[in-house]
Amino acid sequence: MPHELPKAYDPGAIEARWAEYWVAEKLFAAPTPAAGSPRPVYTLQLPPPNVTGRLHMGHMLNHTQMDILVRWHRMRGFLALWLPGTDHAGIATQMMVERQLAEEKQDRRALGREKFVERVWEWKRHYGGAILEQMKRLGDSVDWARTYFTMDDNLSRAVREVFVRLYEEGLIYRGKYIVNWCPRCMTAISDLEVVHEETQGKLYQIKYPVSGSGEFITVATTRPETMLGDTAVAVHPADPRYRHLHGKKVLLPLMEREIPIILDELANPEFGTGAVKVTPAHDANDFQAGLRHNLPQIDIMDDTAHLNQNAGRYAGLSRHAARERVLADLEAQGLLAGTKDYTVPLGKCDRCKTVVEPRLSTQWFVAVTKKTKDGRPSLAARAIEVVERGEVTIFPENYKTIYLNWMANIRDWCVSRQLWWGHRIPAWHCACGKIIVAREEPPKCPQCGGALTQDPDVLDTWFSSGLLPFTTLGWPEKTRDLEVFYPGSLLLTAYEILFFWVARMIMFGCHFMDGHRQDAAIKQASGWGERKDDTVPFRQVYIHALVRDAERQKMSKTKGNVLDPIHVIEKYGTDATRFTLAAMAAPGTDIAFNESRTEGYRAFANKIWNAARFLFMNVDRAEQSGVWSLKEFQDRAGAELRSAQAGSEIRPHTGIAGFEARTLEDRWILSRFHAVAREVHEALESFRFHEAANTVYSFFWGEFCDWYLEMVKLRLAPEGGAGREAARAAFGNLLGVFEAALRLLSPFMPFLTEEIWHALYDGKPPLKSIALAAYPEGDATAIDPAAETEMAVLQDLIVSVRNLRAELKVEPKARLPIRVHADAGVRTLLEQNREAIEKLAGVEGVSFVEESLAKAAHARSSARFDVAVVYEKKIDKAAERERLEKELGKLEGELANAQRQLGNQQFLAKAPAKVVEGIRKRAAELEVLIEKARTALRGLGAD
RNA sequence: GGGCGCUUAACUCAGCGGUAGAGUGCCAUCCUCACACGGUGGAAGUCGUAGGUUCGAAUCCUACAGCGCCCACCA
């Protein structure tokens, strides 16, 4: 027989093979269904990783969760599409290639735009696939045939289409505004790309002489060098200190330029001296104030944050050098009134951590709060509305509030970037000043006939990623894919990109998919019948937690605490790593990744592996002795799986093929299996991955392996004809439950389950993969409370005996007789399971007695029975007394509490009947237990 | 300056109105013919502090302390 499995599970030996198999066999392809297909659909967009990226733990968590959900839905019969791709990641990729050029002592400017872009493409072709290969290693069940790159031709066309349409609708404009300028990246960046860091700086007080009087007005600033571009000093209109200066002018020191004192609420009388310098070209607030007062805007810096000729004799200095010089000069002139330490929130570039310069420049913006020309609601308004109405649900729910708050205060989106790598803005400039925005390059200027040059800027990367939910499905064409797969079912991502990406997808989706309606059959099948709005990009948003290191620190390259998932995988296996992440992924809490957990789940994988080994060994034995053949199981289970999978509708596969409950453990494991399957279903439905994982874990290990397997062993080696029949049933049940449990576990541990599942079918399974087999749904009517109660009594008895043995330090191999006192019902139960008791508790001979054994030596009591082991060795009386007293104390405490509650009228009146009943029952039980414990204590004393 | 989250066994975390659970670690014991990545048994928590609501609170409310995150144009 080919069932020779190595003793210890070695994930490395099988995982790569299956990863390849899944891709090669195209198992997870979601082909466009033919018209009229009523199959329910589950669509999930992969947040496209940067082409420059390497997989990190955050990805792995994210991918694990998505893969679990996708595999789960696929197994349940959904047409599951998980759509992969990579993002061109403007700045990141450009920086990567620039660095490469620098090593060759080259420079992008010297190379020229065209050559540089070609060079980036080359880089992308070479290295851009790395992260996709890593995804294969994780077992991500994406549809590889649909893999896109955000700069593919069709996606680029869609980007131009969107830009032009927005422009035509009046939602894109070009304007001169203060933007965040990164002097290192030499581009404008959006507000979201700026990280604020509290930095130790200084607050300087500078005296500006008031013209025509010997007076000074003192202003406070953290950035003295910007004074060179000051065009006013503002005071609060109601500030009495400066009333006499209204309408006066000051002479700007160093520049010797006369500037007005203006009245504006920009100045806060509470802060500093109450007077503030106004630099419209280098501060967002000042810019607004400047507009209010028609002030000139003097830009004193160039692209590299060096001062320009507007700064007079300071021209050419870096902004840092300029600060020193300005301060020195002011000091020399006696105009520096004071300096004090001050923490300033410094804005830094998210990419390169360079201090951002607020700078006046001309950029393209998307007007997000403006209605379209033809009166349609603004992008933001729609994006707020669909979330408020629950057309898009956000989970955990506190993120919904955060989202709505942010959307309510959203500002126009600066979408132009001064980069070379990205989607170039489809706008053309003419020397005559005309700007044309068009889908294709116009031949000449329609106004003057002159030559045109394309706008040099490219679009913010998030502009194109915001469109992915529909552009990846063929938009702007009206494709069948769009009809079937849009709206997506879920968007699962990290909090960090809720605004970067999620908000933009909602805005664009609602705007551009207006008029998108699924045909009725598809809509019906989608399972989202209660949701009316089909323009939204997805129905649900699930925000997953952050993965931190074991010390709860955010992982970052600079801290050097980044855990490479590939290393973890190599050490413990992909399944164990996935399981760790799933088991720790409680919604809303960050994960401190801890390898000891992974170690534990590697052991779990090994446990299952060995359970399989056990089965195969016994099956082989049974086949040799002709008792049973695996073929029986294969035919039966295979037929059921094929039929469950064949249909186009969801057909819950609830049963275990041919299960024949003969014994208590059979009834019990069947009941548990269904209960567990239902729990898993409920947990996954509400994104409680940790609960789902833990449920499967404890079922497999704590119930199937620890109890069912051990009990069923008794029946596998038959004696006599009746034994043969029992063995046949036992094999059928054992294999049946095991196979079904593998399917239950499969989304969490796809590799291990695939390997064993194929082995169960001797490499010729009924379907190409366990991932295509039906998921156990769990049948509530199959839950058998009586079996579970009976099993609990049996387990209780066995554990009591084991406990006694341990305490008496009985030789592990010695088998002892036991005596049991119990009522008739329990007695029958125990008699029927005598063999199990003998085997699992190391017992030989069970005798039942009429009298209570509470005060017998070596006895244990429960509410349902007393049990004593027959063993001549004297017990350690002191230890026994201590144990009993401790237990008694606990019981009495609990009883006192219960009685207090039962004596409380308020409690009886207000508590739910179920709770009262529960406590009554418990109190009665406690009384019995206490009585038994007291008896036992007295017995100890008398002896 | 706003907003949010966390504080439960030695460690990492679940639980979120009916007197506490898991994994790892620890102790004891056993290489019993699936598994020492194992079996069996065990020890271990006044659920951050102080109040309050409730018949009842780890669970709800308030304050405080510590830790962390996000957002923010007060020089």
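In what follows, every chain begins at residue 1, and chains take the letters A, B, ... in the order their sequences are listed.
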Side-chain N or O of [X] closer than 4.0 Å to phosphate OP1/OP2 of [N]:
| X | N | result |
| --- | --- | --- |
| N803(A) | G42(B) | yes |
| R802(A) | G41(B) | yes |
| W701(A) | G39(B) | yes |

My understanding is that a pair needs two contacts under 3.5 Å, Watson-Crick or G-U wobble. By that rule, which nucleotide pairs with [N]?
| N | result |
| --- | --- |
| U46(B) | none |
| C4(B) | G68(B) |
| A58(B) | none |
| C33(B) | none |
| A28(B) | U40(B) |

Sidechain N-carboxylate O distance under 4.0 Å for K571(A), E595(A): yes
On the side chain of [X], is there an atom forming a donor-acceptor pair with the base of [N] - under 3.5 Å, no angle test?
| X | N | result |
| --- | --- | --- |
| E710(A) | A34(B) | yes |
| K7(A) | C35(B) | no |
| Q901(A) | G18(B) | yes |

Interatomic distance where CD belongs to E811(A) and P belongs to U40(B) [whole Å]: 19 Å
Atom C1', compared across G3(B) and A57(B): separation rounded to whole Å: 27 Å
Enclosure of E885(A) CD (heavy-atom neighbours >12, cutoff 6.0 Å): yes
Pairing residues for E265(A) by the salt bridge (Lys or Arg N to Asp or Glu O under 4.0 Å) criterion, not counting sequence neighbours: none
Candidates T695(A), D706(A), I608(A) - the one meeting side chain to side chain contact (heavy atoms under 4.5 Å, CB included) with F700(A): I608(A)
